[in-house]
Enquirer: 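Next up is a structure, given as C-alpha cells.
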Amino acid sequence: MATPNHSRISVVRGDITEQSVDAIVNAANSSLLGGGGVDGAIHRKGGKSILEECRQLRAGHYGKGLPVGNAVATTAGRLPARWVIHTVGPVYSPTQDQSALLSSCYGESLRVAHELGAESIAFPAISTGAYRWPVADAARIAAWAIHSAQLRVPEIRLVLFDDATFQAFHRAFNPT
Ligand code: AR6
C-alpha cells in the first residue's frame, strides 16, 4: 500500500478498548504478559487469545522481551479491532532524556500498522500512567513523532481517558 502523504488525525476522549479501528496500540511492558492501565483493559476485554499470542512471541523472537521503543502486533481477540500493536514506552526519568524512545513507540507502531495494511489506528497516551511521563511533554512528543513519521496510515486517532490528558493532547495537536 502506498504511504499516504497526509493522515486524518483526531484527538478524542474515550476508552481505547471501545474503538472500532483496524489497530489499537497497547501501552505494554517488555514482558508482553499483561499489567494494569491500558494493558490490563485490553487483555481483560480482548480475552485469552491475545495473551496466548504474546506468550508465543516470548517463546520465539522476543525471548528477552520486547525492547523499549519497539512494537509488535497480535490479533485483537474480542475487541472491535483487527490487531493490537503492543509497544513499550520508557519509564519517565527526570535525569535522562528518553524522548527518542517515546517517539519511537509512535513511529514503530505506525510502521507495524502500515505493514499490516491497517487503514486506521488508535493510540493511548503512552508512558503517561504507571510510567509517569508528564502529560504535556508526552503530548508534544506524540504530536512531533506522528507528524514526522515516514510510514503512516490514513486515519490516526489519539484516545485519551481523562479530561486533563485529553486537553493536553488537544493542545499539542492543534497548536494556536
Ligand atoms: N483507554 C484509554 N486510555 C487509558 C485506558 C483505556 N482503557 N486505561 C488507562 N488509560 P498506562 P504506561 C490511560 O499506565 O504509563 C501497565 O501496567 C491512562 O490514564 O496504561 O505506558 C503496563 O503493563 C494514561 O493516561 O501506561 C506497563 O507495565 C495512559 O492510558 C505500564 O502500565 C497510559 O497509562 C505502562 O505504563
Side-chain angles (χ1 to χ4, degrees), residues 9-48 50-55 57-58 62 64-74 76-81 83-94 96-110 112-113 120-143 145-146 155-173:
I9 301 176
S10 58
V11 178
V12 302
R13 194 173 165 184
D15 182 335
I16 200 153
T17 63
E18 292 171 4
Q19 306 300 310
S20 294
V21 284
D22 285 343
I24 67 173
V25 175
N26 182 15
N29 59 62
S30 288
S31 82
L32 292 174
L33 300 178
V38 172
D39 199 5
I42 284 175
H43 282 285
R44 210 163 38 244
K45 290 201 190 168
K48 274 190 263 175
I50 301 175
L51 187 59
E52 192 42 51
E53 283 181 57
C54 286
R55 287 208 179 100
L57 288 168
R58 287 300 309 279
Y62 294 103
K64 290 183 179 160
L66 182 65
V68 176
N70 286 32
V72 67
T74 64
R78 293 195 300 264
L79 294 169
W83 300 285
V84 174
I85 296 175
H86 307 263
T87 189
V88 184
V91 177
Y92 180 70
S93 159
Q96 236 186 329
D97 182 10
Q98 312 246 61
S99 48
L101 287 170
L102 182 56
S103 176
S104 171
C105 290
Y106 289 93
E108 284 298 294
S109 296
L110 286 170
V112 170
S120 53
I121 186 169
F123 283 98
I126 299 164
S127 285
T128 65
Y131 287 175
R132 301 187 307 275
W133 204 295
V135 170
D137 194 49
R140 277 191 294 272
I141 293 167
I146 287 173
E155 188 195 340
I156 300 174
R157 197 180 296 172
L158 283 299
V159 181
L160 299 320
F161 209 42
D162 61 85
D163 197 50
T165 309
F166 167 74
Q167 295 295 345
F169 273 70
H170 190 265
R171 271 193 295 277
F173 279 84

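Starting from 1, each residue takes its place in the sequence as its number. As the structure lists them, so they are numbered: ligands from 1, and atoms in each ligand from 1.
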Enquirer: For a side chain to side chain donor-acceptor pair (under 3.5 Å) with N26, tell me which candidate from T17, T74, D39, T87 qualifies.
Expert: D39
Enquirer: Rounded to the nearest 0.5 Å, what separation is found between the CG atom of L102 and the CG atom of D97?
Expert: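 One gets 10.0 Å once the value is rounded to the nearest 0.5 Å.
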Enquirer: Atom CG of L57 and atom CD of E52: how far apart are they, to the nearest 0.5 Å?
Expert: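 These two atoms lie 10.5 Å from each other.
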Enquirer: What's the spacing between N29 CG and Y131 OH if we round to 0.5 Å?
Expert: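 N29 atom CG to Y131 atom OH measures 4.5 Å (nearest 0.5 Å).
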Enquirer: Could you list, one pair per line, each nitrogen or oxygen of ligand 1 together with any protein nitrogen or oxygen closer than 3.5 Å, giving atom names and the distance rounded to 0.1 Å?
Expert:
| from | atom 1 | to | atom 2 | distance (Å) |
| --- | --- | --- | --- | --- |
| ligand 1 | 1 (N) | I16 | N | 2.9 |
| ligand 1 | 7 (N) | D15 | OD1 | 2.9 |
| ligand 1 | 14 (O) | A130 | N | 2.9 |
| ligand 1 | 15 (O) | T128 | N | 3.4 |
| ligand 1 | 15 (O) | G129 | N | 2.8 |
| ligand 1 | 15 (O) | A130 | N | 3.2 |
| ligand 1 | 15 (O) | Y131 | N | 3.0 |
| ligand 1 | 17 (O) | G36 | N | 2.7 |
| ligand 1 | 20 (O) | V38 | N | 2.8 |
| ligand 1 | 21 (O) | S127 | N | 2.8 |
| ligand 1 | 23 (O) | N29 | ND2 | 2.7 |
| ligand 1 | 23 (O) | D39 | OD2 | 2.7 |
| ligand 1 | 25 (O) | T128 | OG1 | 3.0 |
| ligand 1 | 28 (O) | N29 | ND2 | 3.2 |
| ligand 1 | 28 (O) | Y131 | OH | 3.3 |
| ligand 1 | 34 (O) | G129 | N | 3.4 |

Enquirer: Between F123 and Y106, how do the two ring planes meet: parallel, tilted or perpendicular, split at 30° and 60°?
Expert: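 Geometry flag for Y106 against F123: tilted rings.
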Enquirer: Thinking salt bridges, do E53 and R55 make one under a 4.0 Å N-O criterion?
Expert: no
